[in-house]
Amino acid sequence: MRGAGGTDAAVPGRLDVRDLTVSYAGITALRAVTFSCGPGEVVGVIGPNGAGQSTLLKAVLGLVDAEAGRVRVGGRPVDAVRREVAYLPQRSAIDWDYPARVDEVVAMGRYPHAGPLGRLRAADRRIAAESLERVAMTAFARSQIGELSGGQQQRVLLARALAQRADLLLLDEPFTGVDALTEQLLYERIRELGDAGATVVVVNHDLSSVADGYDRLLVLAGRVVAFGPPERVFTGELLARAYGGVPTAAGALVGDRR
Amino acid sequence: MTAVLHELFVAPAAQYEFMRYALAAVAVVGVTSATLSCLLVVRHQALLGDAVSHAVLPGVAVGWLAAGHLGIFWGALAAALLAGVAITFVERRSTVKLDAVMGIVFTFAFALGLAVISVARPRGIDLFHVLLGNVLGVGRTDLLLTAGSGGLVLLVVVGLYRHFHLWSFDPVMARAVGLRVGTLNYVFTALLSATIVASLQAVGLVLVVAMLVTPGATAYLLSRRLATMMVTAAGLGLVSAVGGLYGSYHLDVASGPAIVIVASLLFVLAFLLAPRHGQVGRARRRRRAARRSVEEDLLKAVFSAARRDSEVSVDTLAGGAGLAPPAARAGLRRLARDAKVRLDGRRVRLTSTGESEALRVVRAHRLLERYLHDAEGVGLPDVHATADLLEHELSPAGVDDIDRLLGRPTRDPHGHPIPSSSGALARIAGHRLSEQEAGAPARVAMVGDVREDLLVRMVDLGIVPRRSVTVLHRGPGRVRARVGDREVDVPADVAERVFVVPDPAVTAPPRAQGAGAARAPERQGRR
């Protein structure tokens, strides 16, 4: 289950990224990124700002064009399994003045599963309500999203991702700008997702909160600096490489690669 | 009255066929463009309608030259689609931003249209009518085309509602879950083009822009959801269109401007009076919130003053609540009117309603302090002021939320008891450190939170709730004490504000058990 290289197993939720290279306007944002993770794993993606973490998530989803490389989810191209993948955008990417209620936003998580004319079934509404309950926001179901605090907004976004009932979840900086209680709650829900057998990839800039809790850490600085269990990755030397910008051969240190 | 209404609204329609056609046409245009305007407004693309409508002009000219009256419709539709597609295409394939692309495309097309008209001088095209509308010239065929395109647009919007909902709220998620966002962009452009062309005769190219922005913006102020926003906008569009047309008929104003003026007046009304976003309501809410905050501060001040002294004067209260005396008196009068306090000359007492409300505020305040200190790491000297600001904003549900998430704490960070949700308040135990006998082991129960400077001193000295403290000897102006593992001098004004309780957990030294130990002045029981 520890996805150390090997074949692109057809396990739902398994993520295989191989030699992924992405460039924007001539600047390489990601260079030959390779890693794999599978069901039950919570992977933290860390690294300095601008090190390509968000780009990695978007490239996995095919939202930015990859120059080279291959992404497989459950052994298949992501286009074939989009309903099994949930993406949580950065909170700042959302217009919170948009006229929508909390319950509507969470119900959007069910849209991919809705019928041909977009009708939500009773089961979809139940799943949306349960997801809202899991982030302790049921009391706010009928609130306007713009009336919420930052932490509450982040909980709503997580509820929407939970409502997708996806095998693979890609969370872009869920902990940025949230209060301490929300951070705790988000963290518990993410851990539960992993324990329930989902694959979870979490972009996290705040190093202080990542030391434990992740099954594996992916240290990114435009390329993979390290990928492995936190106790092995979380060493001063490796972090200095990522944050200090000392150039090293891509992945030379990384046991899990190839 | 009925006669007047009949004269104003029914007679014109009954009398003239052109008026009936015109009414039907503006009704369709009002509803359709208003519905689409919602999507433009929430996507921050209000001026896309502007761009596409101006781009229609060359299509009108070429269509007329090629096929006469009917050619106008198809020429305009083709031009609008072409412009919309060009804008979407250039925006997606270059780094030039949408507003600039729109500016380029629509001025280019508009210039092209003017050039064609100035060269070919087609007789039968009245530029004034194309730009400003000529709704009274709507014929049977025009009406059918308008109703047909309008109905089609509404059908598509309703049928693809969930797609448009997700696409307009979070386009990135829409793409991530596999919605064909590119296709949806083109579909939307087609809807926009069809609406503009359908509106051509009713309001004209220049003013259709208003119908594609204003009703949506007005509804935005009035709605909490996209669906209700669309229905509201459709209603506003209908009222503007029909109202404007009657105004145009009776006052002899051009129909396009009349319709747009009504729509704009509706926006002004909503801007001023909308229940949540309106300026009037906002000012009233601000004033009400300010008053409530004053009243809550006063209740809290009466409550804590009443625990110290039996008589409470207005001036003491004003000081305790941090208010100017006139503001405090006005607030107290309001509280007395609501039967929350009883005023008896210069004395103030809480009624039972007032007391339970005061306890609610105290509970919010102390839970917030607990939260700020434990979860957000705000230092002991600063939590009080921050909680003072936040306590009035917190809803009862929010207070219970914090209580539950913190594991139902019983003390605030200063050691004050937190009232329960039912309003029960534990008694404050202990006595002042300044009165503590030397040698008896004790524990800090509570520190006064009023003087921030003294709190800073306390934290420096290590005097925080639950810390063990033993007075070594009491000198003039200071108390020598062991706090935790340190021996410190505690100034008298600090010792005044620290409350301690005997600490049975610390075993007293063997030679002086029980009460004897407490009385031995110079005992220095080491652990």
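Every heavy atom of this structure was used, including side-chain atoms; hydrogens, water molecules and symmetry mates were not. Sequence lines set the chain letters: A, B, ... in the order given, protein chains first and strands last, and positions in each chain run from 1.
Classified by interplanar angle (parallel below 30°, tilted 30° to 60°, perpendicular above 60°), the ring pair A:Y111/B:H165 is tilted.
When B:R404, B:M229, B:H44 are compared by the number of non-hydrogen pairs under 4.5 Å with chain A, B:H44 comes out ahead. Counting heavy-atom pairs under 4.5 Å between each of B:A176, B:C38, B:P171, B:G377 and chain A puts B:A176 at the top. Taking A:R83, A:R142, A:Q184, A:E104 one by one and counting their heavy-atom pairs under 4.5 Å with chain B, the maximum is reached by A:E104.
A salt bridge links A:E147 with B:R224; the closest basic N to acidic carboxylate O contact falls under 4.0 Å.
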I'd like a table of donor-acceptor pairs (distance under 3.5 Å, sequence neighbours excluded) in which one partner is a side-chain atom from residues 230-237 of chain B, with atom names and distances.
from	atom 1	to	atom 2	distance (Å)
B:T232	OG1	B:T228	O	2.5

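The local environment of OH in B:Y161 is crowded, with over 12 non-hydrogen atoms from other residues, nucleotides or ligands closer than 6.0 Å. Counting non-hydrogen atoms of neighbouring residues, nucleotides and ligands closer than 6.0 angstrom, the CZ atom of B:R180 reaches no more than 12 such neighbours. Taking a 6.0 Å sphere around CZ of B:F271, one finds it holds 12 or fewer heavy atoms contributed by other residues, nucleotides or ligands. Surrounding CZ of B:R284 are at most 12 heavy atoms belonging to other residues, nucleotides or ligands under 6.0 Å away. Few gaps surround CG on A:D195; more than 12 heavy atoms of other groups in view lie less than 6.0 Å from it.
Contacts between A:I94 and chain B at a heavy-atom distance below 4.5 Å involve the side chain alone, from C-beta outward. The part of B:Y220 that comes within reach of chain A is its side chain, from C-beta onward, which places non-hydrogen atoms under 4.5 angstrom from that chain. Of the atoms belonging to A:D97, heavy atoms from both backbone and side chain fall under 4.5 Å from chain B. For A:V105, the part lying under 4.5 angstrom from a heavy atom of chain B is the side chain only.
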Report task. Could you go through the side chain to side chain contact (heavy atoms under 4.5 Å, CB included) check for B:D170 and A:Y87 one step at a time? Result -> CA-CA 11 Å; B:D170 186 353; A:Y87 170 65; over 6 Å; no
Report task. Carefully, step by step, assess B:F169 and A:D95 under the rule side chain to side chain contact (heavy atoms under 4.5 Å, CB included). Result -> CA-CA 7 Å; B:F169 177 67; A:D95 170 15; over 6 Å; no
**Report entry** Test side chain to side chain contact (heavy atoms under 4.5 Å, CB included) applied to B:Y371 and A:L181, step by step
**Finding:** CA-CA 9 Å; B:Y371 169 75; A:L181 290 175; 3.3 Å; yes
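Listed for the B:R162 side chain is no donor-acceptor partner under 3.5 Å among the backbone atoms of A:M108.
For B:R175, there are no salt bridge (charged side-chain N to carboxylate O under 4.0 Å, His left out) partners at least two apart in sequence or on another chain. With sequence neighbours left out, B:T95 forms a side chain to side chain contact (heavy atoms under 4.5 Å, CB included) with no residue at all.
Considering all non-hydrogen atoms of both residues, B:S223 and A:Q144 come closest at O-NE2, 4.3 Å. For the residue pair B:A375 and A:A180, the shortest heavy atom distance occurs at O-CB, 3.0 Å.
With values rounded to the nearest 0.5 angstrom, B:L405 atom CG is found 7.0 Å from A:L185 atom CG.
Against chain B, the residues from residues 153-174 of chain A that qualify, each with a non-hydrogen atom under 4.5 angstrom away, are A:R155, A:R160, A:Q164 in number order.
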